[in-house]
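Note that the coordinates shown come from a computational prediction; the quantities given were computed from them, not determined experimentally. In what follows, every chain begins at residue 1, and chains take the letters A, B, ... in the order their sequences are listed.
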Number of protein chains: 2
Amino acid sequence: MNRLPLRVACFVLQGLLVSGGLLTFDAMLTANEYLDSRFPQFEPELRALLAQHCVVRPLKAGEKMLQTGQYFRSTMLVAEGRAKLYREGEEGGEFFMYYLEPGQACALSMVCSDRQQSSEVMAVAEEDTVVLLLPLDLMDDLMRQFRSWYYFVIETYRSRYEELLVVIDHVIFKGMDERLEFYLKNQYDKLQKRDLSITHQQIANDLNTSREVISRLLKKMEQQGRLVLHRNYIEWRG
Amino acid sequence: MNRLPLRVACFVLQGLLVSGGLLTFDAMLTANEYLDSRFPQFEPELRALLAQHCVVRPLKAGEKMLQTGQYFRSTMLVAEGRAKLYREGEEGGEFFMYYLEPGQACALSMVCSDRQQSSEVMAVAEEDTVVLLLPLDLMDDLMRQFRSWYYFVIETYRSRYEELLVVIDHVIFKGMDERLEFYLKNQYDKLQKRDLSITHQQIANDLNTSREVISRLLKKMEQQGRLVLHRNYIEWRG
DNA sequence: GTGGCTATGTGACTAAAGTCACTGTGCAGG
DNA sequence: CCTGCACAGTGACTTTAGTCACATAGCCAC
């Protein structure tokens, strides 16, 4: 919501025309610009240091950021777009956990340990996304030198932990109907669009259930006037 | 496992007789002693500082450490015993998440934020337990001054986050039979006793299901020779 | 050793979710 | 305009889990 003016300002600054409001990679900013706009809470010296060491990495929608079992090479900060984090089951199946948005970071990639740490989750760019990659061996110094950095790390862990708590709550205490409703509401809140372009199959994947179950529940919600079903999208009435 | 010699040594030091191997509160150590034995990774100055500011709080088995909705007043380090963390559902029901053991801390209580933060989970002492309480406003300074402290905080969050991931995995991808098996194995690993003194009802509560379901699954496992059922305890054959 | 309490065993039923098989439908590309 | 295809709708059935009702079985206290 409050990100849009800023984004527009940056584009204007560069004198670029962006089609349909979507980020095109031509419009990519520099590390410095991303840090200033997305991570304003960092001290200027910290931003300068990060800019010096980070790699700006654009990802196309659908591209994988992180694979289960993959070793971390760097800390990832999300600068633009949206990353979807989900857990994979050993025998197939997946389960959506939460999104990472601009200004947030992947908690698991922030451990400042020597031992190689492998990822327990999958992350994929849901739209065209830009991430800043920071070498892991920088973490220790940042932690020691910059107060805003360790606040950021702690806050990242805390908020991701609490997201997981909410997820657990739903899975344990709620039925599929409530989980579906929460899922749709969540989508609506994030995107701020009444038309959610998503198929029943995609929802079923995210909730780790089958399409038929979702179709039936959606139909029931439609009959209650809580939404309208269309091909390839769902019209949400919050 | 490796805690016992230490514990015994401390008792001997104090010339106390401890009945049945259980900690009696007469045998309680000083903050300094707990810190030295349970948190040896902390710098000596950090331990000294913590000892100066902390309160040693004994809890009887079953006593509540943390209530859902309660505001944090202090950071809690577990020095002795075992704390059980679980989530409560809005309409009743509970769900076991994990244990906190000596040397560990409650992640949620470590946030160094000004705003009042209320607990999202319940914690109860599973056996007689000793916790060290640290004033929240100390956190900031500790974080800045002591490297081993922020390692500890980060590691606490990381490990609790990963515990939650495992929990989610089981709930999402596994049936009740596998979850029960994992639960029992977990109990066995933690206690290192083949006889798990627990009732079917307690298990059912922890897994948020009904006693009958647990009884039936246990019976099935008994028929497969994976355990032997008794009144009030279960004999585990790993 | 008997009464009472708690823990456990079990059959029968209900509910929720998952599976299978097949039908309908909007839409893009020839 | 029709055809192929991905998406969506639906009935029938299976499986898993949760509920209800009641039977048994240890165990402690008196």
Side-chain angles (χ1 to χ4, degrees), chain A residues 62 89-96 167-184 187 195-236, chain B residues 62 89-96 167-184 187 195-236:
Chain A
E90 289 155 24
E91 290 113 42
E94 60 181 67
F95 178 75
F96 168 72
V167 165
I168 288 185
D169 252 38
H170 276 85
V171 175
I172 295 283
F173 298 114
K174 315 285 188 189
M176 198 53 89
D177 47 354
E178 275 193 75
R179 285 173 56 198
L180 173 58
E181 186 166 340
F182 179 78
Y183 176 88
L184 293 175
Q187 294 284 323
D195 290 354
L196 312 173
S197 44
I198 193 166
T199 70
H200 300 185
Q201 185 63 62
Q202 284 174 281
I203 300 175
N205 290 343
D206 283 353
L207 297 180
N208 191 55
T209 180
S210 68
R211 182 193 58 78
E212 292 93 320
V213 171
I214 297 300
S215 286
R216 277 193 268 264
L217 290 174
L218 283 175
K219 180 59 65 181
K220 203 178 291 176
M221 289 174 78
E222 187 178 40
Q223 282 160 3
Q224 295 167 352
R226 316 171 45 45
L227 46 73
V228 184
L229 297 176
H230 303 269
R231 184 185 177 82
N232 288 319
Y233 75 98
I234 294 168
E235 193 185 331
W236 177 252
Chain B
E90 289 155 24
E91 291 113 41
E94 60 181 69
F95 178 75
F96 169 72
V167 165
I168 287 184
D169 252 40
H170 277 84
V171 175
I172 295 283
F173 298 114
K174 314 287 187 188
M176 199 52 90
D177 48 353
E178 275 194 76
R179 284 173 57 197
L180 174 58
E181 187 167 340
F182 179 79
Y183 176 88
L184 293 174
Q187 294 284 322
D195 290 354
L196 311 173
S197 44
I198 193 167
T199 69
H200 301 185
Q201 185 63 62
Q202 283 173 285
I203 301 175
N205 291 344
D206 282 353
L207 297 180
N208 192 54
T209 179
S210 69
R211 181 194 57 82
E212 293 93 319
V213 171
I214 297 299
S215 287
R216 277 193 268 264
L217 290 174
L218 282 174
K219 181 60 65 180
K220 204 179 288 174
M221 289 173 79
E222 188 179 40
Q223 282 159 3
Q224 296 166 352
R226 315 171 47 42
L227 46 75
V228 184
L229 296 177
H230 303 269
R231 184 185 176 81
N232 287 320
Y233 75 98
I234 294 167
E235 195 184 328
W236 177 252

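Between A:H230 atom NE2 and D:dG9 atom C1' the separation is 16 Å, expressed in whole Å. When rounded to the nearest whole Å, the span between NZ of B:K219 and C1' of C:dG11 equals 15 Å. Summarising the geometry, the separation between NZ on A:K220 and P on D:dT10 is reported as 13 Å, rounded to the nearest angstrom. If you measure from atom CG of A:L217 to atom P of C:dG18, you get 10 Å, rounded to the nearest angstrom. Rounded to an integer number of Å, the gap from CZ of A:R211 to C1' of C:dT25 is 13 Å. Summarising the geometry, the separation between CZ on B:R216 and P on C:dT8 is reported as 15 Å, rounded to the nearest angstrom. The distance from atom CE of B:M176 to atom P of C:dA15 is 19 Å, rounded to the nearest whole Å. Rounded to an integer number of Å, the gap from CD1 of B:I214 to P of D:dT16 is 16 Å.
At a threshold of 4.0 angstrom between heavy atoms, the contacts of B:L229 are confined to the sugar-phosphate backbone, with no base atom among them. Across all strands, B:S210 comes closer than 4.0 Å to base atoms (heavy-atom distances).
With distances taken from any side-chain atom of A:T199 to the nucleotides D:dG9, D:dC7, C:dG18, the minimum falls on D:dC7. The side chain of A:V213 lies closest to C:dG18, out of C:dT8, C:dG18, D:dG9. Listed nucleotides: C:dA17, D:dA8, C:dG9. Nearest to the side chain of A:H200: D:dA8.
Rounded to the nearest 0.5 Å, atoms NE2 (B:H200) and NZ (B:K219) are 8.0 Å apart. To the nearest 0.5 Å, atom CG of residue A:D177 and atom CG of residue A:L218 are 11.5 Å apart. Taking CD1 of A:I168 as the start and CD1 of B:I172 as the end, the distance is 9.5 Å to the nearest 0.5 Å.
For C:dG18, one of the phosphate oxygens OP1 or OP2 lies less than 4.0 angstrom from a side-chain nitrogen or oxygen of A:T209.
Sequence order on DNA chain D of the closest nucleotides to B:D177 and A:L218 puts A:L218 first from the 5' end. With DNA chain C read from its 5' end, the first of the two nearest nucleotides for A:E212 and B:Q201 is the one closest to B:Q201.
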- Stepwise side-chain hydrogen bond (donor to acceptor under 3.5 Å, both in side chains) check, A:D206 with A:Q202: CA-CA 6 Å; A:D206 283 353; A:Q202 284 174 281; over 6 Å; no
Atom pairs under 3.5 Å, N or O on each side, protein against nucleotides 23-27 of chain D: can you list them with distances?
{"from": "D:dG26", "atom 1": "N2", "to": "B:R231", "atom 2": "NH2", "distance (Å)": "3.2"}

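Side-chain contact between A:D195 and A:H230 is absent, with no heavy atoms from C-beta onward closer than 4.5 Å. In this structure, B:L184 and B:I203 have side chains that are in contact, with non-hydrogen atoms separated by less than 4.5 Å. Counting heavy atoms from C-beta on, the side chains of B:L229 and B:I234 come closer than 4.5 Å.
Between the side chain of B:R179 and the base of D:dT16 there is no donor-acceptor pair of N/O atoms closer than 3.5 Å.
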